[in-house]
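Just so you know, these numbers use all the heavy atoms, side chains as well, and skip hydrogens, waters and symmetry mates. Just so we're on the same page: letters track the sequence lines, and every chain starts at 1.
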Amino acid sequence: MNWLEKSFRKKPLPRSFYQRPTLEVAKELLGKGLFVKNRSGSFLCRIVEVEAYLAEDDPASHSFRGPTPRNAPMFCEGGTAYVYFTYGMHFCMNVVTEPSGKGAAVLFRAAEPLLGIKEMQKNRKLKGESPLKNLCSGPAKLTQALGINLKDNKRTFFRPELKLIDLRQDLSDSQIGSTPRIGISKGTELPFRFIIKDSPWISKHVFRKHTR
DNA sequence: GCTAGGATGCTCT
DNA sequence: GAGCATCCTAGCC
């Protein structure tokens, strides 16, 4: 059995994984496998960069001002997908954390492509030759590569065609770095972006003293 | 190598 | 009407 067949059969991470403090979940999502199957193909990638958006005291979080039609999925139970449309052309995907009603989530920012790379390249619609590093190194690049859009909003990650799986590549604390989040104007001091420090697949290298 | 600017439309005030 | 959890390209070192 090859890797793809194995990941097809792997059990999703349980709901209890997500129903914990958001910062904990965010760190532990690093190194996990994101499996997606849809019209454009079957994909597996390894998460290398995420950002946490908390339920309370986090002005950058979409949930900061309470529920609205757009952010409603953030108030669903842990393990739900929150996909939104931004800048008039891009989608970003989060997984909801904590018990339902809280309003917290973790944004997937970058991943290492493992399977379905040709289809990812097609989905990205890049002209000419482009390095593999450019496939999933940003939240909107990732959703485009995997063919994620609003139809995935409010789905859960406990499905055969949309799930997060354990790749058995646990990381030590020393391999994880934290930096301020990217592309926001409020809450910029909070170090809630988590990366696999030496991964070449992350979106941006932010130069900072305290990337531990 | 880097930066500035434009694309583009939904969401909430 | 402003702002947006972005990306790509052109133009400039």
For this session: Measure from the side chain of A:K141, starting at C-beta and using heavy atoms only, and say which of B:dC12, C:dC7, C:dT6 lies closest.
Result: C:dC7
Exercise. Side-chain contact, heavy-atom cut-off 4.5 Å: A:C76 with A:K154?
Worked result: yes
For this session: Output the single nucleotide from B:dT13, C:dA5, B:dA7 whose closest atom is nearest the side chain of A:M89.
Result: B:dA7
For this session: Can you tell me the distance, in whole Å, between the CE atom of A:M93 and the P atom of C:dA5?
Result: 17 Å
Exercise. Atom CG of A:N71 and atom C1' of B:dC10: how far apart are they, to the nearest Å?
Worked result: 14 Å
Exercise. Counting only Watson-Crick or G-U wobble pairs whose two distances fall under 3.5 Å, which nucleotide matches C:dA5?
Worked result: none
Exercise. If you check every side-chain atom of A:H62, which of B:dT8, B:dC12, C:dA5 has the closest atom?
Worked result: C:dA5
For this session: Answer yes or no: side-chain N or O of A:Y84 and base N or O of C:dA5 forming a donor-acceptor pair under 3.5 Å.
Result: yes
Exercise. Side chains of A:Q19 and A:S16: is there a donor and an acceptor less than 3.5 Å apart?
Worked result: no
For this session: Verify the ring-centre separation between A:F8 and A:F35: is it less than 6.0 angstrom?
Result: yes
For this session: For the side chain of A:P139, starting at C-beta, report the closest nucleotide among B:dT13, C:dC7, C:dC8.
Result: C:dC7
For this session: Give a yes or no on whether a salt bridge exists between A:E161 and A:R155, defined as a side-chain N under 4.0 angstrom from a carboxylate O.
Result: no
Exercise. Can you tell me how far P of C:dA5 sits from CZ of A:R109, to the nearest Å?
Worked result: 11 Å
Problem set entry | A:E51 CD - C:dA5 C1' separation (whole Å) | 6 Å
Exercise. Once you round it to whole Å, what is the distance between P of C:dC7 and NZ of A:K204?
Worked result: 8 Å
For this session: Select base, sugar-phosphate, or nothing to describe what A:A140 touches, counting heavy atoms under 4.0 Å on all strands.
Result: sugar-phosphate
Exercise. A:K125 has an atom NZ; how far is it from atom P of B:dA7, in whole Å?
Worked result: 19 Å
Exercise. Quick one: which of B:dT13, C:dT6, C:dC8 gets closest to the side chain of A:N134?
Worked result: C:dC8
For this session: Using a 4.0 Å heavy-atom cut-off across all strands, classify A:F85 as base, sugar-phosphate, or nothing.
Result: sugar-phosphate
Exercise. Rounded to whole angstroms, how far apart are CZ on A:F91 and P on C:dC7?
Worked result: 13 Å
For this session: Report yes if the ring of A:Y53 lies under 5.5 Å from the six-membered base ring of C:dA5 with planes under 30°, and no otherwise.
Result: yes
Problem set entry | Touch class at under 4.0 angstrom, heavy-atom based, for A:S185 against every strand present | sugar-phosphate
For this session: Identify the nucleotide, in any strand shown, that forms a Watson-Crick or G-U wobble pair with B:dT8, with both distances under 3.5 Å; if there is none, say none.
Result: none
For this session: Check the distance between C:dC8's P and A:H90's NE2 and give it to me in whole angstrom.
Result: 7 Å
For this session: List the steps and the verdict of side chain to side chain contact (heavy atoms under 4.5 Å, CB included) for A:V25 and A:F17.
Result: CA-CA 7 Å; A:V25 178; A:F17 177 87; 3.8 Å; yes
Exercise. What nucleic acid atoms does A:R70 come within less than 4.0 Å of, heavy atoms only: base, sugar-phosphate, or nothing?
Worked result: sugar-phosphate
